[in-house]
Amino acid sequence: MTEKASNFLATIIEDDLAKGKHDQIVTRFPPEPNGYLHIGHAKSICVNFGLAEQFGGRCNLRFDDTNPEKEEQEYIDAIKADIEWLGFQWQDEPKFTSSYFDQLYDWAVHLINEGLAYVCDLSSDQAREYRGTLTEPGRNSPYRERSVEENLDLFARMRNGEFDEGACALRAKIDMASPNMNMRDPILYRIRKKAHHQTGNKWCIYPSYDYAHGQSDAIEGVTHSICTLEFEDHRPLYDWFIEHLPVPARPRQYEFARLNVNYTVTSKRKLKRLVDEGVVDGWDDPRMPTISGMRRRGVTPAALRHFSDMVGTSRAGGVVDLGMLDFAIREDLNENAPRAMAVLDPLKVVLTNLPEDHFESFTAAGHPNRDDLGERELPFSREIYIDRSDFNEDSSLSRKKFKRLVPGEWVRLRNAYIIQADEVIKNDAGEIVELRASVIEGTVGNDAPEGIRPRGVIHWVCAKHGVKAQVRLYDRLFNTETPDRGGDDFMQYLNPESLTLLTGCIVEPSIAKAEPETSFQFEREGYFVIDRYESTPENLVLNKTIGLKEVWERKV
RNA sequence: UGGGCCGUAGCCAAGCGGUAAGGCAACGGGUUUUGAUCCCGUCAUGCGAAGGUUCGAAUCCUUCCGGCCCAGCCA
């Protein structure tokens, strides 16, 4: 691990370690398997696993599976894959809150015996009424003073399935007048006659998050239970259970501000809606802010981890600029992605001063400053493709503004000759269909001779040896900075141009041999990845991860 | 208007009584066969505001202003 930026959590842990409060810290990442992990979870994963790594501790993966109605095995598998892909390792086997159900049940009985929990027959509507409001205290439930014996009997019968869903619930007996709503006799167990993905039909009562979480932490010996700010008000309740139960350890909860990124939504409900309504192709659509979506788009684990470090961890809620993620992605890819050339919008150029059967091959570096990335061969013949946008008929364009090809002038073909544009061929509709140009002899690997001033350098691919490819360009899914802001209207901010399909692209031959999920920098275009599912050597499919940084004013 | 929390540059963020780190963005300049990378430089007399304590305050106190979270048998 490289040196980490200091943050309040690291400070607390350093302190605890220094004071000898713990020999080794234990954290945990506790997703509920009810959806795919997104960039906010990536941050939480980096925080929890990262802190453990940084301080020589351990981090558990624990599925917080207390609600069988929303959870599925598919999500469990996807979550494990995402964490591993990010490069983190959880301690031992993944844990499940559901594997503590027996212990949790016994502790609930303990609370009943202590007179600290009771079975309440109020309906959820009635319970809401009794709960009071933010500014008015609640009233005690009429069932609050049931005897221990009666509660014991009722709770056992709840477990045995003698009552319908919602008929009753086990509640903690705390304080209906507490200014903290979480302390107004919170629910410990509710009846759900649903099979559970882990425990099958063993249970028909399920513990609530509040009741299960801290005790699960205690069972696992978690020392620092790190969650997001919205659970802050739950901490007194978390502590209450720990104090009143014979738990084997006393974990502590700490909260940090969740990650918000502009132009994106990070709520499982909203992401699920994008998937369910077919706005995107699935949870791993490259436009999704899910870990699997970003992976498919070509974002790397290193980029995500670095991004997480960059934004830091604090208690101040804010919105991080997407540009920071972009930076982290470019930084990693710039360093590690081999270079190649690809023409996305091909325009044929015939080099008229070369013989019909001309063939030669240039050797180019795999990366401008990394010899270990090797070299590649660039076949070259009389016909090549350049990008349409690299030619403009208007030769009056200033050299400063248009550093590409115009009639009568020169450009350097990257890694090859300098050429001069001689003639523009158009079809009946007046569209440019071809260029005639000539190569300047002796300019490969050499500076331009006197009197020849190339306007710039452009990329190209040999027409005969280039390989066809399909390329998908992605733009942000939403065209407003705060799609998450309002209520349910985030769908109206969808960017209709978030996906552009390009089918006639030509890439240099070296690309065809690459494995799925390999990233390249197509010079002057951006970073692209070979699609992990749909690409084959015969039918190349590439996803644009992100463009190069462009500082000039893009007009023309 | 009950409770909890948060305000340091356009954005993120260190700082914990000794005179405002760092990153992103932006803006200048240099190198460059990628308008990329890389390199150099600029960017808070100021820490939400106003008072107070102190030799000294972003750090302590008071008041005020702004924002976020909580009334699921969700997590």
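So you know, we letter chains A, B, ... as the sequences are listed, proteins then strands, and number each from 1. We use all heavy atoms of the structure for the numbers below, so side chains are in, but hydrogens, waters and symmetry mates are not. What you see is a predicted model; the values in this text were computed from it and never measured.
Between the CZ atom of A:R258 and the C1' atom of B:C68 there is a distance of 12 Å, rounded to whole Å. For the pair A:N392 CG and B:G35 P, the computed distance is 16 Å after rounding to whole Å. The CZ atom of A:R131 sits 6 Å away from the C1' atom of B:A71 (whole-angstrom rounding). Distance A:R412 CZ to B:U34 C1': 13 Å, rounded to the nearest Å. Atom CZ of A:R330 is separated from atom P of B:G23 by 18 Å (rounded to the nearest Å). A:E14 places its CD atom 13 Å from the P atom of B:C16, with the value rounded to the nearest Å. A:R455 has its CZ atom 17 Å from the C1' atom of B:U33, to the nearest Å. In this structure, CH2 of A:W240 is placed 20 Å from C1' of B:G4, rounded to the nearest angstrom.
Backbone-only engagement by A:G318 is indicated by non-hydrogen atom pairs under 4.0 Å involving sugar-phosphate atoms exclusively. Contacts of A:S178 with the nucleic acid, taken as non-hydrogen atoms under 4.0 Å apart, are absent. Note on A:H213: nothing from the nucleic acid sits closer than 4.0 angstrom, heavy atoms only. A:G445 comes within contact range of at least one nucleobase, with a heavy-atom separation under 4.0 Å. Within the 4.0 angstrom heavy-atom criterion, only backbone atoms of the sugar-phosphate kind lie near A:D321; the bases stay farther away. At a threshold of 4.0 angstrom between heavy atoms, the contacts of A:K43 with the nucleic acid are absent. Base engagement by A:V444 is indicated by at least one non-hydrogen atom pair under 4.0 Å involving a base atom. No contact: A:F522 has no heavy atom under 4.0 Å from any strand. At the heavy-atom level, A:L122 lies under 4.0 Å from base atoms of the strands shown. Across all strands shown, A:R315 has heavy atoms under 4.0 Å from sugar-phosphate atoms exclusively, and none from any base. No contact: A:L229 has no heavy atom under 4.0 Å from any strand.
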Please tabulate the protein-to-nucleotide N/O contacts below 3.5 Å involving nucleotides 36-44 of chain B, giving atom names and distances.
{"residue": "B:U37", "atom": "O2'", "partner": "A:N334", "partner atom": "ND2", "Å": "2.9"}

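In A:D371, the CG atom is not crowded: 12 or fewer heavy atoms of neighbouring residues, nucleotides or ligands sit closer than 6.0 Å.
Of the nucleotides present, none pairs with B:C73 by Watson-Crick or G-U wobble criteria with both distances under 3.5 Å. If you check B:C55 for Watson-Crick or wobble pairing at under 3.5 angstrom, you find it paired to B:G18. Pairing for B:U45 is absent, with no Watson-Crick or G-U wobble pair whose two atom distances lie under 3.5 Å. Pair assignment for B:U31: none, as no Watson-Crick or G-U wobble contacts are both less than 3.5 Å. Remark: B:G7 base-pairs with B:C65; criterion is Watson-Crick or G-U wobble with both hydrogen-bond distances under 3.5 Å.
Checking side-chain atoms of A:Q420 against main-chain N and O of A:V411 turns up no donor-acceptor pair under 3.5 Å.
Among residues two or more places apart in sequence or in another chain, the side-chain hydrogen bond (donor to acceptor under 3.5 Å, both in side chains) test is passed with A:Y254 by none. A search for side chain to side chain contact (heavy atoms under 4.5 Å, CB included) contacts involving A:A218 returns A:I242, A:V247, A:P248, A:P251, not counting sequence neighbours. Remark: A:E331 pairs with A:H306, A:F327 by the side chain to side chain contact (heavy atoms under 4.5 Å, CB included) rule, at least two apart or across chains. Every side-chain hydrogen bond (donor to acceptor under 3.5 Å, both in side chains) that A:D387 has, sequence neighbours left out, goes to A:S389. Considering only residues two or more places apart in sequence or on other chains, A:C204 meets the side chain to side chain contact (heavy atoms under 4.5 Å, CB included) condition with A:K193.
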Carefully, step by step, assess A:T266 and A:L259 under the rule side-chain contact (heavy atoms from CB on, under 4.5 Å).
CA-CA 9 Å; A:T266 45; A:L259 172 67; over 6 Å; no

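The side chain of A:L134 sits closest to B:G2 out of B:G2, B:A14, B:C73.
No hydrogens or angles were tested; on distance alone, a donor-acceptor pair under 3.5 Å links the side chain of A:R404 to the base of B:G35. Below the 3.5 angstrom threshold, one finds no donor paired with an acceptor across the side chain of A:R524 and the base of B:U34. The base of B:G4 has none of its N or O atoms less than 3.5 Å from a complementary donor or acceptor on the side chain of A:N180.
Of the inter-residue distances, the one linking A:Y143 atom OH with A:L154 atom CG reads 10.5 Å to the nearest 0.5 angstrom.
Taking the O4'-C1'-N9-C4 or O4'-C1'-N1-C2 dihedral as appropriate, B:G29 has a value more than 90° from 0 and is therefore anti.
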